[in-house]
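Shown next, in structure tokens, is the structure this report addresses.
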Amino acid sequence: MKLDINTITRENVKSLKPYSSARDEFEDFDTAEMIFLDANENPFQTGVNRYPDPQQLSVKAILAKNNKVKTSQILLGNGSDEVLDLLFRAFCEPKIDNIISLPPTYGMYSVLADINAVENREVLLSTDFQPQVDQILDTVDDSTKIIFLCSPNNPTGNSFSDESVVKLLQNFKGLVVIDEAYIDFSKKESWLTEIDEYPNLIITQTLSKAYGLAGIRLGICYASEAVISVLNKIKPPYNVNELTQQRAINRLNNPETIKNEIASIIEQREELVKVLLEVSFVEKVYPTEANFVLVKVDDANKRYDQLIEKGIVIRNRTSQPLCENCLRLTIGIPEENAVLIKELKLLK
Ligand SMILES: *Cc1c(COP(=O)(O)O)cnc(C)c1O
């Protein structure tokens, strides 16, 4: 499919001249020997007295190498939440355009739609939590700019079938965002390998889950250079702070640690799933490819309260569509999971 990004970009964004920061204008210099008197910073060293790199090139270089993409196909944000917000602000005209999301799913798509005064058209997942592609395509109109797919999906834990995703990528003339926050816990490959194939494909990932850095707020957007350059025009100049960039680099340079933690979480997840199947009040354990598991129980509110009493906090998803009496349990460290298992077995 051909996609001219200009046809779906908001008019004000197209004509926008981005703010040019002091640091932007000197990005190509070898900075070590230079005297910087351009940005009104305090010259005394604190370790962070200088503004951070607005393009986060050291972080992007690692991500680009690891994922075999160009740095110009990456945008970083203050968590995925900022990345998702930038997508709304770049492509969705308030009170005119709409987006499609597929509940039960991550709550931020709907919140961000509301914040940006963009209609959120909801098309429920099927009962096995797959996209209902024909219904989605029927819901699309000329003002539909983005379809949000979360795969593996939060809170259901499953990935969407390749056929559904491909059909949407091929037939929808707007942007398809695949939120891969949990991709590292899945056996499935990331859709990243397809970004050169589909100009309307946008992938978001995060360092908040598998990479163990929720506290630093670093979200990643991979897309065509055309999409990334639109997002770059509207992002706040210093949206990823220096401490975040440093911590991200340190962590990304320790791939073995990350790999081991992911392996442990997956092993613990499989263990927990086995135990849950034997718990008397558990009615269904949904297949999971994430670092959590969704279970249907006899009475979600009751079981949630009982666990709180024991000092264990889980997420009650019973009010979500298709999730009646469902609880979402995040995988902890082995000691925590052992306590959870012990308490689950004792509940009456
Ligand atoms: C946790 C989560 C994120 C992560 O958001 P950050 O802002 O990067 O912490 C993104 N998408 C989904 C579906 C999530 O569950």
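In each ligand, atom 1 is the first atom listed, and ligand 1 is the first ligand listed.
Atom CG of Asn250 has more than 12 neighbouring heavy atoms from other residues, nucleotides or ligands inside a 6.0 Å radius.
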message: For a salt bridge (charged side-chain N to carboxylate O under 4.0 Å, His left out) check, start with the C-alpha distance between Lys188 and Glu289, then their side-chain angles and the critical distance, and finish with the verdict.
response: CA-CA 9 Å; Lys188 278 187 68 116; Glu289 297 175 55; over 6 Å; no

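Closer than 4.0 angstrom to ligand 1 sit non-hydrogen atoms from Gly79, Ser80, Asp81, Tyr106, Cys150, Asn154, Asp179, Ala181, Tyr182, Thr206, Ser208, Lys209, Arg217.
Residue Ile183 shares its hydrophobic cluster (ILVMFWY side chains chained together at separations under 4.5 Å) with no other residue. Through side-chain heavy atoms spaced under 4.5 Å, either directly or across other Ile, Leu, Val, Met, Phe, Trp or Tyr residues, Val48 is tied to Leu243.
Sorted by first and then second residue, the ring-ring contact (aromatic ring centres under 6.0 Å, His included) pairs involving residues 48-75 (not counting sequence neighbours) are Tyr51-Tyr238.
Ring geometry for Phe185 versus Tyr182: interplanar angle of 30 to 60°, hence tilted.
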